[in-house]
Each structure stands twice: as C-alpha cells, then as structure tokens.
Amino acid sequence: MPKQQSTTSGKHKARKRFGQNFLTDQKIIDQIVATIAPKRDDNLLEIGPGQGAMTFPLLDRVDELNVIEIDRDLIEILNSHEKPNLVIHQGDALNFDLDLFNPPIRVVGNLPYNISSPILFHLLEHRDKVIDMTFMLQKEVVERMSADHGSKIYGRLSVMMQAFFDVELIFVVPPESFDPAPKVDSAIVYLTPLKSCKVTNIELFEKIVKASFAHRRKTLRNCLKLLLTQEQTSIDLSQRAEMLDIDNFITLAQDYEKQYSN
Ligand code: SAM
C-alpha cells in the first residue's frame, strides 16, 4: 500500500507534475455542479477527480460516475470512501480509450493545466461520443479557445475548438479557491459538439491550421508555401492567419484536400 504523504490540506501532498490544484471553495464547487446539472442516468466521466472535490457532490446526483485518475495515492483516497456507484479507472486521460464508456458521454473535470490542450485534442477525436464537456482550465486558455478572428489571442486552439464545438466561458474562478493556489485565474468552459461540423478531414484541417499559425507575423502565402498556392484557393493568401474566420479555414483545408487527393 503506498504511503500517504504529509500535506497542506491534511491527507495528500499536491504533486506539481500532475498539475494538482485541489478545489476547496464549496461555493465554486456548487456552481460547477449546477452548471453541469447532472441527471441520474447521465453517463458522466470525470477526468482527474483528485480527492473528490467535485466527484462526491456529483455522485449524489447520478446513478454511476466513471473517473480517470493517474495518481495511485489519490485513487487510494477515493477508494477509501467505499462508494459503490463510483467506478475508478487508473490511467492517463491523454491516451485513455473512450470506447470503454457507453456513449453518449458527458465529460467533466478540473483539468491538470500542464496537459489541458493535449487532453482537449484527444477528446476532439472522440467528439461523436460526447454530449458536452464542462472543464476548469486556466482563464487565459479559455479566452484563447473562445477568441474571435482578428483578435491577438486568436490562434490554433481557437480554430481547432470552434470548428468542432460551441465554446462558452461560464465563469471565472480566482486562485484562492484552490489548495495549493495556482498563480493565475481559472475559468469554467462549456463545450458542445457542433451538430453540423463542416470539417471533412480532421488531419488535413489540423495540418493547415497549424502551418497557418506557425509564424503569426507572416502572410498565409508564406506560411503555406509548401502546401497551397494562391491559384489553388479562393482565400486571399496575402492576409495573416488571424484574419481568417473558421469557415475560411475550412475552405482553405478543402482546397488543400483537392490538391492532396489529385
Ligand atoms: N478534481 C480535483 C479537484 O478539483 O480538486 C483535482 C483537480 S487537479 C487540478 C487535476 C487532477 O488530474 C489531479 O487529481 C491529477 O492527479 C489528475 N491528473 C493529472 N494528470 C492526469 C492524467 N494524465 N490523466 C488523468 N488524471 C490526471
């Protein structure tokens, strides 16, 4: 049995490498649970339950709750509560097989900040199994996810998220709501997969978006010179990537796909 470590909050010493900032503010926890508004028969999946700050209030409201946690010491703590409707999976959410869960799934979590973007990209690939996702992330990341074209913070994350999801910043959470307190503000974001997603080939779309934002100050002609010429697309390549809206990127990717498949 792993030894429990001494702690700031009584039981477990927070591990930086797992992005552990535990929610302690009951008002915020209640607000998050109200945002999720779980129904008894929801297939709820929590990423990174930690010591259960959100897990236990959620458990009271659903018939069954699946959680994925990487830290075995925390799993020990969760197990000690002996909750029959809590199904604990030890593992890495970054490569966890979502096919193990009954779709449609509602995904929730106060995500480890150091790997929040890779987790979002992993879930993006499984969005057809998902009803919605409610996450706590760094506020700055949520702002980038929901930024409009033309803004300085509009980039790869904004385009990749908004091409597939409706992205809504729900409320901001201050550092004092956690133990240990992070250095920055956090925010709750609510994501719902778009009903009619116009991206036909996710890999090619990602390739175009990534290349377009690789050098923010350069024009698209420059950024995409190995992929697409002006003659091959109706999008004006003398612009910078930040000027293009989501539909423009979809057109760019489709024009690239035409070349690719020829
Ligand atoms: N939900 C708890 C709370 O709100 O107090 C903990 C949130 S803490 C920010 C992030 C949690 O994710 C930790 O419990 C951490 O151990 C877990 N975690 C970190 N990396 C993970 C990974 N790759 N897969 C699954 N869980 C992970």
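In listed order, ligands and their atoms are each counted from 1.
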query: Can Arg156 be said to sit on top of Phe121's aromatic six-ring, NZ or CZ under 6.0 Å from centre and within 45° of the ring axis?
result: yes
- line: Of all protein heavy atoms, the one nearest atom 14 (O) of ligand 1 is Glu69 OE1, 2.7 Å
field: Residues Lys258, Asp255: salt bridge by 4.0 Å N-O rule
entry: yes
task: Can you pull out the closest protein heavy atom to atom 19 (C) of ligand 1? Residue, atom name and distance to 0.1 Å, please.
output: Phe18 O, 3.1 Å
- line: Numbered in order shown, the ligand 1 atoms found under 4.0 Å of a heavy atom of Leu23 are 3 (C), 4 (O), 5 (O)
query: Relative to the heavy atoms of Leu74, which atoms of ligand 1 are at a distance of less than 4.0 Å?
result: 14 (O), 16 (O)
- prompt: What atoms of ligand 1 come within less than 4.0 Å of a heavy atom belonging to Pro49?
  reply: 1 (N), 2 (C)
query: Quick one: which ligand 1 atoms are inside 4.0 Å of a heavy atom on Phe22?
result: 5 (O), 6 (C)
task: May I ask you to check if ligand 1 and Asn110 share an N or O to N or O distance below 3.5 Å?
output: yes
Option whose closest heavy atom lies nearest to atom 8 (S) of ligand 1, chosen from Pro112, Gly19, Ser116: Gly19
message: Below 4.0 Å from ligand 1: does a non-hydrogen atom of Glu46 turn up there or not?
response: yes
statement: Test salt bridge (Lys or Arg N to Asp or Glu O under 4.0 Å), reference Glu242, set Arg217, Arg216, Arg144, output is Arg216
message: Is there a polar contact between ligand 1 and Leu111, counting only N or O atoms under 3.5 Å apart?
response: no
- line: atom 6 (C) of ligand 1: closest protein heavy atom, distance to 0.1 Å, is Gly48 O, 3.5 Å
statement: Near Asn21 (heavy-atom distance under 4.0 Å), the atoms of ligand 1 are 7 (C), 8 (S), 9 (C)
task: Write out the residue and atom name of the closest protein heavy atom to atom 24 (N) of ligand 1, then the distance separating them to 0.1 Å.
output: Ala93 N, 2.8 Å
- line: Ile68 heavy atoms within 4.0 Å reach ligand 1 at atoms 25 (C), 26 (N)
message: Any salt bridge linking Glu203 with Lys207? Criterion: basic side-chain nitrogen under 4.0 Å from a carboxylate oxygen.
response: no
- prompt: With a 3.5 Å cut-off and no angle check, do the side chains of His122 and Asn95 form a donor-acceptor pair?
  reply: no
message: I'd like to know if Arg15 and Asp73 make a salt bridge, using a cut-off of under 4.0 Å between side-chain N and carboxylate O.
response: yes
query: Centres of the Phe96 and His126 rings: under 6.0 Å?
result: no
- prompt: Does a side-chain N-to-carboxylate-O contact under 4.0 Å join Arg72 and Glu76?
  reply: no
- prompt: Considering only heavy atoms, does Ile119 approach ligand 1 within less than 4.0 Å through its side chain, its backbone, both, or neither?
  reply: neither
message: Please tell me whether Thr233 and Tyr256 have a donor and an acceptor in their side chains that are separated by less than 3.5 angstrom.
response: no
Nearest neighbour in protein (non-hydrogen) for atom 21 (C) of ligand 1: Ile70 CG2, 3.6 Å
message: So for Gly91, does at least one of its heavy atoms come nearer than 4.0 angstrom to any atom of ligand 1?
response: yes
query: Going by distance alone, is a donor N or O of one side chain under 3.5 Å from an acceptor N or O of the other, for Glu257 and Thr200?
result: yes
- prompt: How about Tyr190 and Phe171: are their ring centroids closer than 6.0 Å?
  reply: no
statement: ligand 1 to Asp92, heavy atom cutoff 4.0 Å, flagged ligand atoms 22 (C), 23 (N), 24 (N)
